[in-house]
Number of protein chains: 2
Amino acid sequence: MRLIVARCSVDYAGRLSARLPSAVRLIMVKADGSVLVHADGGSYKPLNWMNAPNHVEEGEGRWTITNPKGETLVITLEEVLSDSSHDLGTDPGLDKDGVEADLQVLLADHPGEIEEGMTLLEREYATDIGPVDLLCRAADGQVVAVEIKRRGEIDGVEQLTRYLEFLNRDPLLAPVRGVLAAQAIKPQAKTLAADRGIGCVEVDYDALRGIESNVLRLF
Amino acid sequence: MRLIVARCSVDYAGRLSARLPSAVRLIMVKADGSVLVHADGGSYKPLNWMNAPNHVEEGEGRWTITNPKGETLVITLEEVLSDSSHDLGTDPGLDKDGVEADLQVLLADHPGEIEEGMTLLEREYATDIGPVDLLCRAADGQVVAVEIKRRGEIDGVEQLTRYLEFLNRDPLLAPVRGVLAAQAIKPQAKTLAADRGIGCVEVDYDALRGIESNVLRLF
DNA sequence: GTGTATATCTCGGGG
DNA sequence: CCCCGAGGTATACAC
């Protein structure tokens, strides 16, 4: 990784055009060729950047970075204040827990936590407009489409509504009803869901994980 | 801006849990307190981070960063290879061209590029649920709501559907039909749009800009 | 502050 | 390779 602190101006032309007037910034060049231009504020997003794979042409006070899509990033260096390189090696990467996929696995294993007596028909059930998180059968035999979100918001209700519209055209499945399952559901989403006859279930991730580990402990 | 290259491990606990095992990484501390942990690859997103505002507690080989929401980032420093600080000053910021707003201006000037014979009634036509990008009149006299996106996806169809539902309640406008205009429209969005009787138009931003500059050249 | 729409979104997975 | 959905999305803007 190469770190350069320099007064520079930057031009990007590609999906849009963007220009940075002259100022002192950090230019980070990663081992894979990614170039990031950071200011001393904002948050984690660079002001300008070019992801790998790309080609860096280092000219006299002017770097031209191009990628296979034909996008270009031109950095004009006016004054280099610092320039250092470091060998970092490859990173083992990030372990995450608590994302939607984890919640989906837990609920697929314990559909009864969504509704008493519910059983799983299929996970990631494919439709023409995308996969339904869980397709289940309720205690009364009706098919239920379950949309799982970490946070239940209007988007989730819209998404589930679209799936239901398509699922209900299949005479082998119809009538299908919907349930939005999330760790927390916003009032607006609850209102919209109720209006469309969609059920809402708030699930406790930590409690589910507890059930899961209890089950594992039995075997 | 402070730049530290160090062997470290990192733990984040907040909206989810994430852990980075020991490796050499760049730790960037910005003037506003933002902390970013970067590997020597991937692209612009840090492996882990904490945005400002936050509180950094710099202990013996262990930094604890907390934010007002109660999220924490703990960095355990095992070996510091480099530690430098630089004064960058404030950044003048980024100028952009080619975002959705620019496309909207161009199409408002040339509604005939959306449909032959179309004329503009109003830009950002206000409804109770938000502004319609363009309200137009088609060659046959019917009112048309145009939703403009840089990239046409399902969200855009949903948005336009909500507007149409509302516009069609106004007896002075009804019946209103909808058109999604974008530089590129994804197949799923086209399918959903067709299903709802919404038209799709793919527009060439560069060509539009060419028309615009030709028009300007005439005056 | 909440809610909504945009983003050079990024990132990862599946066909 | 594209397509799709999730994200600690972040960010700007309106109400």
Side-chain angles (χ1 to χ4, degrees), chain A residues 10-19 34 36-37 42-52 54 67-73 93-94 96-104 124 126-133 147-151 153-156 158-159 162-163 182 186-189 192, chain B residues 11-18 34 42-52 54 67 69-73 93-94 96-104 124 126 128-131 133 147-151 153-156 158-160 162-163 182-191:
Chain A
V10 186
D11 281 275
Y12 164 78
R15 281 164 283 185
L16 55 66
S17 304
R19 164 159 189 81
S34 311
L36 290 68
V37 180
S43 60
Y44 73 59
K45 194 176 176 180
L47 292 165
N48 234 325
W49 70 94
M50 180 74 77
N51 289 345
N54 60 25
N67 74 5
K69 281 181 249 173
E71 300 171 297
T72 60
L73 187 72
L94 190 66
K96 289 185 187 182
D97 177 42
V99 295
E100 186 195 302
D102 299 305
L103 188 55
Q104 192 187 114
E124 298 285 353
T127 74
D128 287 352
I129 51 164
V132 178
D133 286 339
E147 176 64 32
I148 299 168
K149 290 277 178 238
R150 212 161 48 79
R151 295 172 332 192
E153 299 179 19
I154 280 184
D155 282 4
E158 295 283 21
Q159 200 177 334
R162 288 198 300 274
Y163 292 147
K186 296 210 169 179
Q188 281 197 342
L192 185 64
Chain B
D11 282 273
Y12 163 78
R15 281 166 280 186
L16 55 64
S17 304
S34 311
S43 62
Y44 81 56
K45 198 175 176 182
L47 291 165
N48 235 325
W49 71 93
M50 181 73 80
N51 289 346
N54 59 28
N67 73 5
K69 283 183 250 172
E71 300 171 294
T72 60
L73 187 72
L94 190 65
K96 292 183 186 185
D97 174 44
V99 295
E100 186 196 306
D102 300 302
L103 187 57
Q104 192 186 116
E124 298 284 354
D128 288 352
I129 51 166
D133 287 338
E147 174 65 30
I148 299 169
K149 292 273 177 243
R150 211 164 50 79
R151 293 168 5 188
E153 299 180 19
I154 279 182
D155 284 2
E158 294 285 18
Q159 203 177 328
L160 183 50
R162 288 198 297 273
Y163 292 147
Q183 286 177 71
I185 302 179
K186 301 214 165 182
Q188 280 198 346
K190 283 185 186 173
T191 303

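Numbers restart at 1 for each chain; the letters A, B, ... are given by sequence-line order, proteins then strands.
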Any base atoms under 4.0 Å from B/E158, or only sugar-phosphate, or nothing? Heavy atoms, all strands. nothing
Closest to the side chain of B/W49, out of C/dT6, D/dG8, C/dT4, is D/dG8
Name the nucleic acid region contacted by B/D155, choosing base, sugar-phosphate or nothing; use a 4.0 angstrom heavy-atom cut-off, strictly under. nothing
Would you say B/Y163 reaches C/dT4's phosphate, i.e. side-chain N/O to OP1/OP2 under 4.0 Å? no
Choose from D/dG7, D/dC4, D/dG5 the nucleotide whose nearest atom is closest to any side-chain atom of B/K186. D/dC4
Below the 4.0 Å mark, does C/dT8 have OP1 or OP2 next to a side-chain nitrogen or oxygen of A/R19? no
Does a side-chain N or O from A/Q159 land closer than 4.0 Å to OP1 or OP2 of D/dC4, or not? no
Counting the atoms with a prime plus P, OP1 and OP2 as sugar-phosphate, which does A/G14 contact under 4.0 Å by heavy atoms, base, sugar-phosphate, or nothing? nothing
Salt bridge check, B/R162 against A/E158: does any charged N sit closer than 4.0 Å to a carboxylate O? yes
Could you tell me whether the side-chain ring of A/Y44 sits stacked on the base of D/dA10, using a centroid cut-off under 5.5 Å and a plane angle under 30°? no
What's the closest nucleotide to the side chain of A/Q188 if the choices are C/dT4, C/dT6, D/dG8? C/dT4
Within the side chain of A/Y12, is there an N or O that forms a donor-acceptor pair under 3.5 Å with the backbone of A/R19? no
